[in-house]
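So the structure is just underneath, and the comments pick up after that.
Numbering of ligands and ligand atoms starts at 1, following listing order. Because the structure is a prediction, the values reported are computed rather than measured. Worth knowing before you read on, the calculation uses all heavy atoms, side chains too, and leaves out hydrogens, waters and symmetry mates.
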Amino acid sequence: SSRVLKRQCFQRPATRVRGALLYPDTIPFSLIPLAVLAESAELNGDEGRAVAFRRSEALLRSLDRRVQGVAELRGLPCLGEHSRRVIQDVLDNGESSEVEETKSSSRYKAMKVLTGIFGVGVKTAKRWFTEGICSLAQLETSGHTLNPAQQAGLKYYADLNQPVTRDEADAISVTVEEAVCSVLPGAQVTLAGGFRRGKTSGHDVDFLITHPDEGKEEGLVHKVTACLESRGVLLYHQTTRNTYQESPEGAGRSRSNMDRFERCFSILKLVQEQAKDQDPVQVEADQTDSGCRPWRAVRVDLVVSPISQFAFALLGWTGSKLFEREMRRWAVHEKSMSLSSHALYDNNQKRYLTASSEEEIFAHLGLEYVSPSGRNA
Ligand code: 8DG
Ligand code: MN
Ligand code: MN
């Protein structure tokens with residue numbers, strides 16, 4: 001089965017046609033039946049079930065032929081009983097009753113609205129839902145004290161739930177690069193996340209920042225946010241310092257997906273092109289009306305990595321989350337290695353393996369290199 005997993009997850013042919021019956025290109029991702037069930041499981045806090053659906057959904061997307069009947073799926077990995085039943089339903093009836101029921105349930109709808117607020121996780125949303133809060137209006141009148149992230153999330157709710165386009169990501173890149181290079185000349189800014197994988201839209205824009213002289217990057221996030229603030233484009237930020245040196249993962253025993261880089265979860269103000277020449281006073285006055293102001297809020301993640309960990313950080317922050325998960329599982333189960341966004345530890349040799357490129361990391365793991373656009377699992 002390990003060979004099958006390897007073939008399915010890491011050695012897909014370069015060109016693929018989507019399983020057309022289940023995934024016509026015109027169908028938005030959120031309507032893909034198995035993705036709805038995965039999301040619903042996530043919103044219930046059922047991680048195991050969510051991953052199972054995510055894996056079957058990714059497998060279907062990876063097929064190089066149309067799926068006409070479940071019989072064709074025989075022998076494929078990652079497809080459990082439940083997923084097969086859903087696929088059967090979609091093939092037979094054009095939709096799955098379970099998926100339709102899920103989508104119309106008040107719980108699913110409320111949880112989607114509430115977790116759609118930046119700063120609100122499943123646990124908080126669940127608590128609010130149990131108290132009868134189903135909408136933003138109900139939350140606002142509930143008297144709950146929101147933390148700064150949630151306040152910003154509510155304030156910019158509409159903007160942050162509107163997907164970021166590639167053009168917008170490019171415009172944000174210019175702003176971030178200018179800020180980074182003005183506070184630390186020679187620093188390198190790399191677009192990571194979904195946009196590096198070639199996606200045409202995303203929920204945020206992710207940047208990885210490093211400097212060729214190790215050490216120069218320390219404390220960079222604060223300087224960058226100060227610069228963005230002075231330019232009036234920083235709407236919200238929460239900075240975390242680097243804690244890797246204090247307690248490195250130690251033989252990869254860390255169970256958490258969170259890494260320990262210096263980073264900043266922020267919301268930036270993206271001034272729309274045609275509006276750039278407008279009178280700044282007018283821009284301020286427009287702030288209250290999110291519909292017609294000449295800028296929009298965009299979620300931006302800034303991550304700072306020392307150059308010696310850069311390849312691992314880039315691999316980790318390029319995603320997708322499912323791809324990272326599968327790769328880390330492969331490392332542990334097939335190679336007895338621990339892969340993180342900081343390092344690769346060989347449990348047999350009892351030493352860290354260094355890498356200065358993603359290619360080297362794939363090679364250490366005995367895997368064929370997969371370019372970012374092949375990591376959209
Ligand atoms: P999207 O924004 O278009 O929705 O997709 P994405 O770019 O793939 O997702 P993301 O949530 O922005 O995450 C990008 C990658 O960053 C993802 O593969 C996971 C990785 N990542 C880490 N560490 C951490 C972390 O601590 N928090 C988060 N949210 N992501 C992390 O390596
Ligand atoms: Mn992203
Ligand atoms: Mn992100």
(Q) If you measure every N or O of E324 against every N or O of ligand 1, does any of those distances drop under 3.5 Å? (A) no

Q) With respect to atom 14 (C) of ligand 1, which of W317, F265, F323 exhibits the smallest heavy-atom separation? A) W317

Q: Report yes or no: do E217 and H211 form a side-chain donor-acceptor pair below 3.5 Å?
A: no

Q: Would you please say whether a donor-acceptor pair under 3.5 Å links the side chains of S182 and E178?
A: no

Q) Leaving waters out, which protein N, O or S atoms fall under 2.8 Å from the Mn ion (ligand 2)? A) D204 OD1, D206 OD2

Q: Below 4.0 angstrom from a heavy atom of G202, which ligand 1 atoms are there? Numbered from 1 as shown, please.
A: 3 (O)

(Q) One thing to verify: whether E358 and R196 come together as a salt bridge, which I'm taking to mean a side-chain N less than 4.0 angstrom from a carboxylate O. (A) yes

Q.
Checking contacts here: is it the side chain or the backbone of D204 that comes within 4.0 Å of ligand 1, counting heavy atoms only? Could be both or neither.
A. both

Q: Look at atom 19 (C) of ligand 1 and find which of S201, G316, S320 reaches it with the closest heavy atom.
A: G316

Q.
When you compare the side chain of L365 with that of L344, does any pair of heavy atoms fall below 4.5 Å?
A. yes

Q | Residue H203 vicinity, atoms of ligand 1 by number, heavy atom under 4.0 Å | A | 1 (P), 2 (O), 3 (O), 4 (O), 11 (O), 12 (O)

Q.
Distance check, rounded to the nearest 0.5 Å: S341 atom OG versus E324 atom CD?
A. 6.5 Å

Q) Do any N or O atoms from the side chain of R61 and from the backbone of N376 form a donor-acceptor pair under 3.5 angstrom? A) yes

Q) Can you list the residues that meet the side chain to side chain contact (heavy atoms under 4.5 Å, CB included) rule with S105, with sequence neighbours excluded? A) R107, Y108

Q) Does any N/O atom on T318 come nearer than 3.5 Å to any N/O atom on ligand 1? A) no

Q) Could you give all pairs that pass the side-chain hydrogen bond (donor to acceptor under 3.5 Å, both in side chains) test and reach residues 71-82, with sequence neighbours left out? A) H82-E98

Q. Which residue pairs pass the ring-ring contact (aromatic ring centres under 6.0 Å, His included) test when at least one of the two sits in residues 131-163, sequence neighbours left out?
A. W128-H144

